[in-house]
Amino acid sequence: MDFSDLVSKKKAWLVIACGIFLRILLWTLIPVTTDAGDHYSKSRFIAENYRIPVFEYVSGNDPNWYPPVFHLLTAFLYKITGILTLTPLLAGCISLIAFYVFCRRFYPDLSSNSLILLAFLPFHAYMSGVGYVEILLFLFGVLGFYFYKTYLSKSDFKYFSYLVFFSALSALTHYHGLLLSLIVFTDLFFRRRKTAIAGFVIVLMLASPFYLRNYMIFGNPAWPLFFEGNFPHGKTSDYSSSSIANVFNPATFTAPFFDFWIGAPNSGEDVIDNIRVGRSVFPLVFEAGLLLWLPLTILWTILAFRGFYVFFERKDYLPLLALFYSLVMLLFVAMARMMVFSVPFMVLAFSQGLSGAGRMNVRVLLVVSIVIFTGSTLAYAFTYHQIMAIHIPFYEMMGAELPDGARIVMPYTLQQCIYYTGKVCVRDRNFPGGIPQELIYRDVFELRRYNITHFCCDSLYWDAKPQKLKDACNNMPCLLYTSDA
């Protein structure tokens, strides 16, 4: 090892340390809400009861259809540390290191800039601090790509078995975790057809017990997608052939764009609200930051397309397959996290797109990008933290004040009710263990027939709530059902 290589590695570890510090900071700032509350509540249930919930109230709005790897890992970490929220932070930090190893091995000329870009990339940094499963999918994706390329270069079955293992883990983390298998085995199919088919079949066999469980319970191995099964669900229509028409809908691509560059899940869907809140919290500073942020994100997007074109010219088709499958997923669900397996190659494409720009220009662009992206991501997390700081004391007060036997209905913020209060919070859905949603809008007092003791409201997401629900709340934080109604 020469001196320049040693210096390069020291700089890389410094970048990794800065990236880890940013993720720890975001992890401490970002409050637990919505889907994150679902995931952590299920994990806590598993740790305490040693079984996976199905229709129990801790499953949230839907019965628990989720593949279990994230929940099992979170339950294990909770058992040994007492901390429920460690999984995304650990996955984010480990995947940062794994990505650097992957780049050093297979894209050495792009490794330095790619590491810097990933360390401060809003999507990866924010997802490392929030309880969504996609950061674990990112880790499995990087490891899967690493072992796939190692297998191609060495033809050693050991690496093929590692690839199959992480592909199966990915499929058991989320339904769209199956994309990892589709990406690598499609690429392998054009090289070693029989091996590709065998690998894909083995992954399906390893993942099949959980999908068989879903079929036995819900009548659909991937419920609630594609068809209804035993329980009707509104999501089914999102995964029909008509979704192909979404290619003509600008929101199919603009929502993930803002999602990706802001970093927070679903932030692209709520971009108008985010602008309104940002202007109120950071007047003038927000407008100035937006004027720098928007052209910067557009520039990096252009550089990414340039980088993917270089991969095409070099006949490196794995990045292109990852991008293709990710874009197909956007037609069904327009969220950046559906593109998680293309993100490692997007970062490489960013770096590749910088080629020929001149060392000084690259340095200036990287420094400006680090400042703007880190500032915008932290500002978003801080603002969300401040908003939730108003509401969390109310949930904690509910947990302290309401009796142990309380059965609560709290529409639109059910996940927060379950996570923060520790009480039985009943879903307002027509699934086992739930109550008919129409009762809330017809007459909330009828809920007592379902052994509901309290109907609670809060102002979180108030603008999104239907007027009938607002009328039902009637400015009352909690309605108590007594013997005389």
Side-chain angles (χ1 to χ4, degrees), residues 20 22-48 52-53 56-62 64-96 122-140 169-170 172-177 259 262-267 269-270 333 335-338 340 343 377-378 380-382 384-385 387-389 391-392 395-396 413-422 425 460-461:
I20 289 174
L22 173 61
R23 281 150 183 79
I24 293 173
L25 191 58
L26 287 166
W27 179 68
T28 60
L29 269 179
I30 300 170
V32 176
T33 59
T34 60
D35 287 359
D38 266 354
H39 293 311
Y40 290 140
S41 296
K42 293 170 190 173
S43 302
R44 182 165 52 199
F45 179 91
I46 293 170
E48 294 172 352
I52 296 173
E56 289 85 351
Y57 75 92
V58 295
S59 298
N61 287 312
D62 294 346
N64 184 26
W65 52 263
Y66 254 94
V69 167
F70 181 92
H71 303 138
L72 292 174
L73 179 58
T74 302
F76 172 75
L77 292 172
Y78 177 55
K79 268 293 188 185
I80 63 175
T81 67
I83 303 173
L84 190 56
T85 59
L86 270 180
T87 301
L89 177 63
L90 290 179
C93 295
I94 294 170
S95 64
L96 190 60
F123 176 84
H124 190 276
Y126 201 100
M127 295 302 284
S128 300
V130 68
Y132 281 58
V133 305
E134 278 72 22
I135 193 64
L136 199 56
L137 289 178
F138 182 93
L139 173 60
F140 293 154
L169 281 181
S170 178
L172 287 169
T173 301
H174 201 295
Y175 291 156
H176 65 270
D259 250 12
I262 294 173
N266 306 327
S267 53
E269 290 182 327
D270 308 321
V333 183
M335 298 176 181
R337 57 185 187 271
M338 296 296 110
V340 64
V343 172
T377 305
L378 286 173
Y380 189 100
F382 174 78
Y384 198 33
H385 177 88
I387 291 171
M388 286 305 301
H391 298 279
I392 290 175
Y395 305 136
E396 293 174 341
T413 46
L414 175 71
Q415 296 105 323
Q416 286 78 253
C417 181
I418 296 171
Y419 180 80
Y420 287 106
T421 70
C425 302
L460 184 64
Y461 314 131

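We're numbering straight along the sequence, starting at 1. FYI, side chains are in, hydrogens and waters are out, and symmetry mates aren't considered; it's all heavy atoms of this structure.
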Would you call [X] and [Y] a side-chain contact if the rule is heavy atoms closer than 4.5 Å?
| X | Y | value |
| --- | --- | --- |
| Met388 | Thr33 | yes |
| Phe138 | Met127 | no |
| Phe45 | Ile418 | no |
| Pro265 | Val130 | yes |
| Lys42 | Glu56 | no |
| Ile30 | Tyr380 | no |
| Ser128 | Leu26 | no |
| Asn61 | Gln415 | yes |

Please report the shortest heavy-atom distance between [X] and [Y], naming the atom on each side.
| X | Y | result |
| --- | --- | --- |
| Leu96 | Ile20 | CD2-N, 4.3 Å |
| Arg337 | Asn266 | NH1-OD1, 3.2 Å |
| Ile262 | Pro122 | O-CB, 3.6 Å |
| Ile392 | Pro31 | CD1-CB, 4.4 Å |
| Tyr126 | Gly263 | CB-O, 3.5 Å |
| Ala125 | Leu22 | CB-CD2, 3.9 Å |

Using a 3.5 Å distance criterion without hydrogens, assess whether the side chain of [X] forms a donor-acceptor pair with backbone atoms of [Y].
| X | Y | answer |
| --- | --- | --- |
| His176 | Met338 | no |
| Asn64 | Pro53 | yes |
| Ser41 | Asp38 | no |
| Arg44 | Val58 | no |
| Trp27 | Pro88 | no |
| Ser170 | Gly177 | yes |

Return the [atom1] to [atom2] distance between [X] and [Y], rounded to the nearest 0.5 Å.
| X | Y | atom1 | atom2 | result |
| --- | --- | --- | --- | --- |
| Tyr461 | Thr34 | OH | OG1 | 5.0 Å |
| Phe140 | His174 | CZ | NE2 | 13.5 Å |
| Ile135 | Ser95 | CD1 | OG | 4.5 Å |
| Cys425 | Tyr419 | SG | OH | 14.0 Å |
| Leu169 | Leu139 | CG | CG | 9.5 Å |

The side-chain hydrogen bond (donor to acceptor under 3.5 Å, both in side chains) partners of Thr421 (sequence neighbours excluded) come to none

Should we say atom CZ of Phe382 is surrounded by more than 12 heavy atoms from elsewhere, each under 6.0 Å from it? no

Next item on the list: Take Val343 and His124 through the test side-chain contact (heavy atoms from CB on, under 4.5 Å) and record every step on the way to the result.
Entry: CA-CA 9 Å; Val343 172; His124 190 276; 5.6 Å; no

Ring pair (Phe, Tyr, Trp, His ring centres under 6.0 Å) filter on Tyr420, not counting sequence neighbours, yields Tyr395

Using a 3.5 Å cut-off and no angle test, enumerate the donor-acceptor pairs between side-chain atoms of residues 71-83 and protein atoms at least two apart in sequence or in another chain.
from, atom 1, to, atom 2, distance (Å)
His71, NE2, His39, ND1, 2.9
Thr74, OG1, Phe70, O, 2.8
Thr74, OG1, Thr87, OG1, 2.8
Lys79, NZ, Ala47, O, 3.3
Lys79, NZ, Tyr50, OH, 3.1
Thr81, OG1, Leu77, O, 2.6
Thr81, OG1, Ile83, N, 3.1

Can you check side-chain hydrogen bond (donor to acceptor under 3.5 Å, both in side chains) on His391 and Thr413, steps first, answer last? CA-CA 11 Å; His391 298 279; Thr413 46; over 6 Å; no

